[in-house]
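Here is the structure we will look at, set down as structure tokens.
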Amino acid sequence: KANESFVGNIVEEIPTGFEITDAFGGIVEEISTTNTSVTSKKISWPITLLAGERQEVKYEYQAPKISPELFLAGPARLLSNSNTEVFFENRQWQIASDAACSSQSGGGNWSDSTKWSCGHVPGSVGNTADTVTITSGNSMIVDVTGYSVASLTFAASTAATSLRINDSVTFTVTGTTSIAAAGTTGSNTITVGQGVSGNFSTAGITITGSATSGKDSTLALATGSTFTTTAGITFAATLAQAKLSNSGASTFNLTGTMSGAGGSVSFNGNTTFNTSGTSAIGGAYTLPTLNVTGGTTTLQSFAIIISGATTLSGNSTLTNASGATLKTFSGLVTVNSGSSFLMNVTTAPTLTFSGGIWNYGTFNSGTGATTISATQSISGSAAITIGAAINIGTGVTLTIDNSNTVTFSSTLTMGIGSPNLIIASGANVVSGGLTFTANTTASTTQLITLKGSGNFSPSSITMNAPG
């Protein structure tokens with residue numbers, strides 16, 4: 001309400017990028033600091049007021065599709081016809097942009113705008129800043145490829161809730177994904193693919209387990225699917241109900257830490273497990289394979305099993321966190337040129353190898369005890385260091401045909417049950433000692449075979465006769 005009569009203009013300054021769809025009688029002008037650089041806009045409404053009168057001015061706008069963001073508008077001013085400022089607001093107005101979209105109507109196809117509270121398809125062109133919530137009890141299907149959203153959250157659950165990414169569909173969450181704990185009447189699930197393909201990537205995912213048995217929160221990977229996380233995966237709360245399931249051969253790409261001290265994780269044996277960047281395995285997991293394609297991957301202080309091949313490439317490093325827990329490599333370990341297998345952090349893990357070691361880079365097992373548990377070979381063209389006691393198990397034949405030097409820094413023990421050590425021509429083996437374990441069966445033998453120019457140099461030999 002005017003305290004006195006006024007003739008002039010009300011002027012509101014708005015940020016650049018705002019599209020004025022209706023100024024309701026106002027005049028829109030651009031404001032620039034130079035002849036070519038527009039920094040903001042202003043709207044001017046000519047008004048005439050008598051003392052005690054009121055007048056409303058308004059405008060409609062379309063803000064830039066950036067979320068989250070705070071835009072500043074104003075302050076509004078009153079300018080007389082002589083351009084004298086007679087009033088101004090003492091602060092600017094803050095306009096918050098939060099492009100939140102929640103599923104509704106029980107769910108349906110992602111591409112159906114009527115299924116979303118925001119009135120548009122989240123993640124479509126121009127809507128990649130959307131933050132998406134899957135409402136409890138809804139089932140959404142990503143039916144069109146190429147959608148990308150800022151975050152994805154399952155709401156607090158009271159009923160079964162799901163998201164399925166169809167075959168041949170790529171779906172991206174540039175921020176975090178969160179699967180909430182399931183309620184008492186159903187489970188929460190993200191399913192990638194339908195048995196042929198399907199691609200889901202996110203910058204980190206948290207899977208929270210319910211306290212109710214059988215009501216699970218699950219990331220499910222179908223045959224042929226690909227899952228990529230660039231900021232790790234965390235299993236939280238009741239781990240028995242925080243699950244990662246994998247029904248068939250697929251691809252799992254990890255950057256970051258797979259943590260939570262061990263959710264309920266089940267990988268298909270034919271799945272490819274890749275790590276890159278700074279990554280860590282932070283639970284007692286059994287991985288189908290391990291391909292370290294770049295950066296450094298750390299095996300933390302848990303009993304970890306790699307049931308298939310382990311391959312290091314791209315100048316990568318596989319190392320350990322301090323802790324003597326067992327690391328089992330059931331398949332062939334290949335260290336390519338420029339890459340490093342380094343289990344030599346203080347308090348090194350104990351190691352078991354069942355599929356052999358081929359080294360073309362750097363290999364140091366550290367000071368944890370090492371067991372050769374199955375017939376295999378130690379090959380390659382770069383030096384290998386086994387830093388602690390090594391035991392060749394029952395009935396095992398270990399063939400060393402590495403063309404460089406293989407060093408057993410501590411004692412090499414020939415176990416009971418006819419173990420064999422074959423040192424191929426051209427191989428050079430240095431050992432801190434050699435011990436023959438006493439056999440209790442007369443028919444068993446412990447045999448070391450040197451072939452051609454093969455060389456074996458133990459610092460001492462201990463032979464234990466049966467008692």
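Counting from 1, the numbers follow the sequence of the chain as shown.
- Residue-environment remark: CH2 (Trp45) exceeds the threshold of 12 foreign heavy atoms within 6.0 Å.
- The main-chain N or O of Tyr360 is never found under 3.5 Å from a side-chain atom of Ser381 such that the two would form a donor-acceptor pair.
- Ala236 approaches Ala242 most closely through the heavy-atom pair O-CB, 4.0 Å.
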Begin from the C-alpha positions of Glu85 and Arg77 and carry the test salt bridge (Lys or Arg N to Asp or Glu O under 4.0 Å) through to its verdict. CA-CA 7 Å; Glu85 187 177 87; Arg77 297 176 293 154; 3.8 Å; yes
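- Side-chain atoms of Leu219 and Ile207, non-hydrogen and from C-beta on, do get closer than 4.5 Å to each other.
- At distances below 3.5 Å, at least one donor-acceptor pair connects side-chain atoms of Thr174 with backbone N or O atoms of Val149.
- Here the OG-CD1 distance, from Ser365 to Ile390, works out to 7.5 Å after rounding to the nearest 0.5 Å.
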Ile357 vs Ile384, side chain to side chain contact (heavy atoms under 4.5 Å, CB included): CA-CA, chis, key distance, verdict: CA-CA 9 Å; Ile357 301 167; Ile384 291 176; 4.0 Å; yes
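- Nearest heavy-atom pair across Ala150 and Ala129 is CB-O, 3.5 Å.
- Remark: the Ser354 side chain and the Ser373 side chain contain an N/O donor-acceptor pair separated by less than 3.5 Å.
- To the nearest 0.5 Å, atom CD1 of residue Ile281 and atom CG of residue Leu290 are 6.5 Å apart.
- Residues Thr317 and Phe341 are not in side-chain contact: their nearest non-hydrogen atoms beyond the backbone lie 4.5 Å or more apart.
- Side chain to side chain, Ser82 and Thr84 meet the donor-acceptor criterion of an N or O pair below 3.5 Å.
- Across all non-hydrogen atoms, the minimal contact from Thr184 to Lys215 is O-CE, 3.4 Å.
- Side-chain contact between Ile205 and Thr234 is absent, with no heavy-atom pair separated by less than 4.5 Å.
- Taking the side chain as every heavy atom from C-beta outward, Ser102 and Trp116 never approach each other to under 4.5 Å.
- In the model, Thr297 has a side-chain atom that pairs as donor or acceptor with a side-chain atom of Thr275 under 3.5 Å.
- Counting only distance, with no hydrogens or angles, the side chain of Asn359 and the backbone of Thr334 share no donor-acceptor pair below 3.5 Å.
- For the side-chain contact (heavy atoms from CB on, under 4.5 Å) with Lys243, the qualifying choice from Ser217, Ser266, Ser187, Ser264 is Ser264, the only one to do so.
- Under a 3.5 Å cut-off, the side chain of Asn246 and the backbone N or O of Asn268 do form a donor-acceptor pair.
- With rounding to the nearest 0.5 Å, the separation of CD1 in Ile141 from OG in Ser162 is 7.5 Å.
- No side-chain donor from either of Thr296 and Thr278 sits under 3.5 Å from a side-chain acceptor of the other.
- A donor-acceptor pair is defined here as one N or O able to donate and one able to accept, closer than 3.5 Å; no such pair exists between the side chain of Ser250 and the backbone of Thr271.
- Here Gln241 contributes atom CD and Ser210 contributes atom OG; the two are 6.0 Å apart, rounded to the nearest 0.5 Å.
- Interatomic distance, CD1 of Ile179 versus CG of Leu244, reported as 9.0 Å (0.5 Å rounding).
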Under the criterion side chain to side chain contact (heavy atoms under 4.5 Å, CB included), I'd like the reasoning laid out for Met140 against Arg164: C-alpha separation, chi angles, the key distance, then a yes or no. CA-CA 6 Å; Met140 298 304 302; Arg164 188 184 78 207; over 6 Å; no
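- Side chain of Lys327 to main chain of Thr325: a donor-acceptor pair is present (N/O by atom type, distance under 3.5 Å, no hydrogens or angles).
- Residues Phe154 and Thr133 form no side-chain contact, since every pair of their non-hydrogen atoms from C-beta on lies 4.5 Å or further apart.
- Between the side chains of Ser157 and Asn188, at least one donor-acceptor pair of N or O atoms lies under 3.5 Å.
- Test Asn291, Thr230, Asn274 against Asn253 for side-chain hydrogen bond (donor to acceptor under 3.5 Å, both in side chains) and you get one pass: Asn274.
- Annotation for Ser301 and Gly323: closest pair OG-CA, 3.5 Å, computed over non-hydrogen atoms.
- Shortest non-hydrogen contact noted between Ser313 and Asn336 is CB-ND2, 3.9 Å.
- Thr407 and Thr405 are not linked by any side-chain donor-acceptor pair at a separation below 3.5 angstrom, with hydrogens and angles left out of the test.
- Heavy atoms from other residues, nucleotides or ligands lying under 6.0 Å from CZ of Phe24 number more than 12.
- To the nearest 0.5 Å, atoms OG1 (Thr229) and CG (Leu254) are separated by 6.5 Å.
- Remark: the backbone N or O of Tyr147 is not paired with any side-chain donor or acceptor of Trp110 at under 3.5 angstrom.
- Taking all atoms of both residues into account, the shortest heavy-atom contact from Asp143 to Ser111 is OD2-OG, 2.6 Å.
- Judged by distance alone, the side chain of Asn9 and the main-chain N or O of Ser44 form no donor-acceptor pair under 3.5 Å.
- By the salt bridge (Lys or Arg N to Asp or Glu O under 4.0 Å) test, Glu89 pairs with no residue at all, sequence neighbours left out.
- Checking side-chain atoms of Thr185 against main-chain N and O of Thr158 turns up a donor-acceptor pair under 3.5 Å.
- The side-chain heavy atoms of Ile20 and Ile43, taken from C-beta on, include a pair separated by under 4.5 Å.
- Using cut-offs of 30° and 60° for the angle between ring planes, the Phe71 and Phe18 rings count as perpendicular.
- Inter-residue side-chain proximity for Phe227 and Thr202 is flagged as met; some heavy-atom pair is nearer than 4.5 Å.
- Looking only at distances, a side-chain donor or acceptor of Gln104 sits under 3.5 Å from a matching main-chain atom of Thr114.
- Using the six-membered ring where Trp is involved, Phe267 and Phe273 have ring planes that are perpendicular, over 60° apart on the 30 and 60° scheme.
- Under the 3.5 Å distance criterion, with hydrogens and angles disregarded, no donor-acceptor pair is assigned to the side chains of Thr352 and Thr371.
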As a quick check of understanding, evaluate side chain to side chain contact (heavy atoms under 4.5 Å, CB included) for Ile14 and Glu12, giving each step before the final call. CA-CA 6 Å; Ile14 60 175; Glu12 171 91 327; 4.1 Å; yes
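- Using a 4.5 Å heavy-atom threshold, the side chains of Met258 and Tyr285 count as touching.
- Residue Asn81 places its CG atom among more than 12 non-hydrogen atoms of other residues, nucleotides or ligands, all under 6.0 Å distant.
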Between Met343 and Leu351, does a side chain to side chain contact (heavy atoms under 4.5 Å, CB included) hold up when you go through it step by step? CA-CA 9 Å; Met343 296 292 149; Leu351 303 174; 4.2 Å; yes
